[in-house]
> 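Sharing a structure here in structure tokens format.
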Amino acid sequence: MPGRKFKYFPMVISAPSGGGKTVVRSGLLKLNRKFAFSVTCTTRTRRPGEVDGKDYYFVTEAQFLKLRKEGKLLEWALVHGNYYGTPVRSVMTVLEKGRIPVMTIDVKGARSVKRLFPEAVTVFLLPPDLKTLVQRLRGRGEKPENVAVRLETARSEIKVAATFDYLVINDRLPETVREVAAIAELETRKIGRNLDKVREFGSQLAKKKKF
Ligand code: ADP
Ligand code: 5GP
């Protein structure tokens, strides 16, 4: 868990519903093998085409509450009436494999991850404008009442956007994916994540008596 040394760190991607989390995650996974999906669990019913264990672990409410009680969830949230949570194991498995767990979770969940896992990098996505968000939600087939609920939720979500590390405007998708990948690349260069290499160099210098 936190404090252990891994090559990478979790990347948390949040956005109001329809902001592009799912498609950006797919883009990252296609772009580079270092990105991997960390599967989360939910009590919501499965949508056509979704696969248990791939898109989500679909669990009953009783199973979810048991996981939560046993401390097996890194974070959890109630979103639009359903429980969602990130199993600690899903994230750790990816980190142990030396890859970057890409977590597409709601705004509250993102903040909890950052509290427990300060090394995590959080990215907030926004569409270029509200009109585009509405078009994308409709284009995804959301019913008008669902669009309204999601926009209502977005009001409170954008209020906490300032707690994220980065903002990316999701205008053209390939560009968005490249920008998020570039953030990950730059984050690996942070000196605080690489002090072992600095120390190693320092100890080589210390051992050398004469140059
Ligand atoms: P979220 O997972 O954040 O709810 P999605 O990834 O499902 O959002 O995106 C919402 C809809 O908008 C989807 O139909 C998706 O294909 C579309 N979409 C997302 N980003 C873009 C983009 N940059 N250009 C065009 N369509 C997009
Ligand atoms: P959907 O039902 O459309 O797949 O997801 C609804 C919302 O729940 C999205 O904002 C999604 O990112 C979020 N979500 C999915 N999994 C998790 C999770 O494990 N934890 C949290 N906090 N949110 C999640």
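Remember, it's 1-based here, ligands and their atoms both numbered in the order they're listed. Just so it is clear, the model here is predicted, and its values are computed rather than measured. Along the sequence shown, residues carry numbers from 1.
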> Run the numbers for me: atoms of ligand 2, each under 4.0 Å from some heavy atom of A77, listed by number.
22 (N)
> Are the side chain of R193 and the backbone of E187 linked by a donor-acceptor contact shorter than 3.5 Å?
yes
> Taking 4.0 angstrom as the limit and counting only heavy atoms of G109, give me the atoms of ligand 2 inside it, by number and element.
22 (N)
> Under 4.0 Å, heavy atoms only, figure out whether ligand 2 is touched by the backbone of E75, its side chain, both or neither.
side chain
> Looking at atom 15 (C) of ligand 1, what's its closest protein heavy atom, distance included?
V23 CG1, 3.8 Å
> Taking heavy atoms and a distance under 4.0 Å, where does M103 meet ligand 2: side chain, backbone, both or neither?
neither
> Under 4.0 Å from any heavy atom of D171, which atoms of ligand 1 are there?
22 (C), 23 (N), 24 (N)
> For W76, is at least one N or O under 3.5 Å away from an N or O on ligand 2?
no
> With a cutoff of 4.0 Å, is G139 in contact with ligand 1, counting heavy atoms of the residue only?
no
> Which residue and atom name correspond to the protein heavy atom nearest atom 14 (N) of ligand 2, and how close is it?
Y84 CD2, 3.7 Å
> Which protein non-hydrogen atom lies closest to atom 13 (C) of ligand 1, naming both residue and atom, and how far is it?
R140 CD, 4.1 Å
> Once you measure the plane-to-plane angle for Y84 and Y56, does it fall in the parallel (<30°), tilted (30-60°) or perpendicular (>60°) bin?
tilted
> Taking atom NZ of K143 and atom CG of L137, what is their separation to the nearest 0.5 Å?
14.0 Å
> If you have a sec, work out which protein heavy atom is nearest atom 16 (N) of ligand 2 and how many Å separate them, to one decimal?
T40 OG1, 3.1 Å
> Look only at the side chain of N194 and the backbone of K190, and say whether a donor-acceptor pair between them is shorter than 3.5 Å.
yes
> NZ of K72: more than 12 outside heavy atoms within 6.0 angstrom?
no
> Side chains of T132 and R136: does their closest heavy-atom pair fall under 4.5 Å?
yes
> Ignoring hydrogens and geometry, is there a side-chain-to-backbone donor-acceptor pair from R68 to L73 under 3.5 Å?
no
> Sub-3.5 Å donor-acceptor pair from the side chain of T42 to the main-chain atoms of F58, do we have one?
no
> Relative to ligand 2, is K108 under 4.0 angstrom through side chain, backbone, both or neither, heavy atoms considered?
neither
> Step through the shown structure and confirm whether more than 12 heavy atoms of other residues, nucleotides or ligands are within 6.0 Å of CZ on R140.
yes
> Looking only at heavy atoms, which two atoms of G20 and N170 are closest? And how far apart?
CA-ND2, 3.7 Å
> F6 and Y8: aromatic ring centres closer than 6.0 Å?
no
> Any atoms of ligand 1 less than 4.0 Å from a non-hydrogen atom of S17? List them with their elements.
4 (O)
> Given side chains that start at C-beta, do those of R150 and H80 come closer than 4.5 Å, heavy atoms only?
yes
> Return yes or no for this condition: an N or O of G85 is under 3.5 Å from an N or O of ligand 2.
yes
> Of all the atoms in ligand 1, which lie at a distance below 4.0 Å from a heavy atom belonging to N170?
19 (C), 20 (N), 21 (C), 22 (C), 23 (N)
> Students should be able to answer this: which protein heavy-atom is nearest to atom 15 (C) of ligand 2, and at what distance?
Y56 OH, 3.2 Å
> So for T176, does at least one of its heavy atoms come nearer than 4.0 angstrom to any atom of ligand 1?
no
> When you compare ligand 2 with R150, is there at least one nitrogen or oxygen pair between them that comes in under 3.5 angstrom?
no
> How far is atom 13 (C) of ligand 2 from its nearest protein heavy atom, and which residue and atom is that?
D106 N, 3.7 Å
> Do other residues, nucleotides or ligands put more than 12 heavy atoms under 6.0 Å from the CD1 atom of I191?
no
> Salt-bridged, D165 to K114, with N to O below 4.0 Å?
yes
> List ligand 2 atoms under 4.0 Å from R44, heavy atoms only on the residue side.
1 (P), 2 (O), 4 (O)
> Residue-level breakdown please: for T104 versus ligand 2, do any non-hydrogen atoms fall below 4.0 Å on the side chain, on the backbone, on both, or on neither?
backbone
> Write out the residue and atom name of the closest protein heavy atom to atom 7 (C) of ligand 2, then the distance separating them to 0.1 Å.
V79 CG1, 3.7 Å
> What part of R47 sits under 4.0 Å from ligand 2 if we count only heavy atoms: the side chain, the backbone, both or neither?
side chain
> Among K21, E175, R25, R136, whose heavy atom sits nearest atom 26 (N) of ligand 1?
R136
> May I ask you to decide whether E96 forms a salt bridge with R89, counting only side-chain N to carboxylate O separations under 4.0 Å?
yes
> Around atom 9 (C) of ligand 2, find the nearest protein heavy atom and jot down its residue, atom name and distance.
K21 CE, 3.9 Å
> I'd like to check M103 versus T40 (side-chain heavy atoms, cut-off strictly below 4.5 Å). Are they in contact?
no
> Tell me the protein heavy atom at minimum distance from atom 2 (O) of ligand 1, and give that distance in Å.
T22 OG1, 2.5 Å
> Within the structure, does G20 bring an N/O atom to less than 3.5 angstrom of an N/O atom in ligand 1?
yes
